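Order of the sequence lines fixes the chain letters, A, B, ..., with proteins taken first and strands second; residue numbering starts at 1 for each chain. None of the values given here were measured: they were computed from a predicted structure.
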Amino acid sequence: MPDSERLPSLRSRRPARRLRRSELPVDTIKLSRYLVGKTLVHDLPEGRVSGRIVETEAYPVGDAAAHSFRGQTPRNGSLFLARGHAYVYFAYGSSWMMNISSEAAGVGAGVLIRALDPIEGIDIMERNRGVSRLTDLTRGPGRLAQAMHINKAQDGLDLCSPHSPLWLGSAIQPTGAVGITTRIGLSREAHRLFRFFERGNPFVSGPRSLLG
DNA sequence: GTATGGATGTTCT
DNA sequence: GAACATCCATACT
């Protein structure tokens, strides 16, 4: 079944346009907030998978919870690329995590993508995940990476390059109200309000109605 | 619906 | 050894 029949509202959505680097705010917190409602697209050999970004977390310069806090290493090097590059790492022995670098080249900071609202290629995501329940496909950073087929091979990709298979797109529909809370799963810097999400969206992992 | 515990691999102390 | 930006299955209210 085509996505346009399965998701009737897709017909009223506008197509996503590739975002240029110059459109991304030059600040980790602002970028984290800005990315809610934008589109993440991965063009795969078997077809396109895409979703609306509905939850992000900022890991700015000077944040002790950020992977870049103790300086550049082989693992976190992509965080030190100019804003708009992918930083993908393996966590807890089971999950890949997709981040977007967020500052000038040489400065380490990033935005974690925590949840997507699936739009295109839902059948591909179901196969990649091995589940069919829509809300289980992309709710959570590990799940969305698996659904979108994002792993070490995408680490370091420039999401703003004109022909990159993995790219950021403009919003395809109006973005709902954005809420703010503390980040999920941290012990250090646990009080900081660096998590942004579209309020009430069922694909958001964790709290989706506080503050904002 | 919430709560808990185990599995898993890499990084750091 | 311990910690970790998680997920899944299971148990329970």
Side-chain angles (χ1 to χ4, degrees), chain A residues 27-36 40 51 53-81 83 85-103 107-116 118 125-157 159 166 178-198 200-211:
Chain A
D27 175 272
T28 301
I29 309 299
K30 289 177 181 168
L31 178 64
S32 191
R33 163 70 179 74
Y34 169 87
L35 287 174
V36 174
L40 181 65
I53 296 170
V54 296
E55 182 182 359
T56 67
E57 284 179 357
Y59 289 87
V61 174
D63 172 20
H67 285 186
S68 53
F69 184 66
R70 290 173 183 78
Q72 190 166 349
T73 68
R75 178 205 204 191
N76 67 18
S78 297
L79 281 176
F80 293 79
L81 300 173
R83 71 189 193 281
H85 286 76
Y87 164 52
V88 185
Y89 75 95
F90 194 55
Y92 291 106
S94 60
S95 304
W96 295 95
M97 307 273 173
M98 159 101 194
N99 299 248
I100 299 174
S101 66
S102 54
E103 297 285 342
V107 179
V111 174
L112 171 68
I113 308 301
R114 283 198 59 90
L116 299 177
M125 295 190 201
E126 288 173 345
R127 284 200 298 276
N128 289 344
R129 289 274 298 118
V131 301
S132 58
R133 188 174 164 77
L134 195 59
T135 50
D136 285 343
L137 288 181
T138 54
R139 185 164 57 105
R143 293 176 180 137
L144 80 85
Q146 186 179 30
M148 298 278 290
H149 203 277
I150 292 170
N151 54 53
K152 188 68 182 173
Q154 282 72 44
D155 183 40
L157 284 185
L159 305 175
L166 183 62
V178 175
I180 307 174
T181 67
T182 56
R183 294 171 293 184
I184 295 192
L186 301 186
S187 53
R188 287 187 296 250
E189 307 276 9
H191 64 289
R192 310 190 79 167
L193 299 173
F194 285 164
R195 173 173 175 263
F196 302 85
F197 57 94
E198 186 175 52
N201 189 294
F203 295 95
V204 170
S205 72
R208 45 184 137 123
S209 61
L210 295 179
L211 308 177

Can you tell me which nucleotide in dA5(C), dT10(B), dC12(B) comes closest to the side chain of His67(A)?
dA5(C)
Which sits closer to the 5' end of DNA chain C, Ser68(A) or Arg129(A), going by the nucleotide each is nearest to?
Ser68(A)
Using a cut-off of less than 4.0 Å, is there contact between a side-chain N or O of Arg114(A) and OP1 or OP2 of dT6(C)?
yes
What are the two closest heavy atoms between Leu116(A) and Thr138(A), and how far apart are they?
O-OG1, 2.7 Å
Considering only side-chain heavy atoms of Arg75(A), which listed nucleotide, dA5(C), dC12(B), dT11(B), is closest?
dT11(B)
Just checking His67(A): does its NE2 atom have more than 12 heavy atoms from other residues, nucleotides or ligands closer to it than 6.0 angstrom?
yes
With no hydrogens and no angle check, do the side chains of Thr28(A) and Glu103(A) hold a donor and an acceptor under 3.5 Å apart?
yes
Side chain of Ser95(A) only, heavy atoms from C-beta on: which candidate in dT10(B), dA5(C), dC7(C) is closest?
dC7(C)
Side chain of Thr73(A) only, heavy atoms from C-beta on: which candidate in dC4(C), dA5(C), dC12(B) is closest?
dC12(B)
Tyr59(A) stacking on dA5(C): centroids under 5.5 Å, ring planes under 30°?
yes
Which one is paired to dT11(B), where only Watson-Crick or G-U wobble pairs with both distances under 3.5 angstrom count?
dA2(C)
Quick one: is dC4(C) close enough that its OP1 or OP2 comes under 4.0 Å of any side-chain N or O from Ser187(A)?
yes
Assess Arg143(A) against Phe203(A): is NZ or CZ under 6.0 Å from the centre of the six-membered ring, and within 45 degrees of the ring's axis?
no
Between dT11(B), dC7(C), dA5(C), spot the one nearest the side chain of Leu112(A), thanks.
dA5(C)
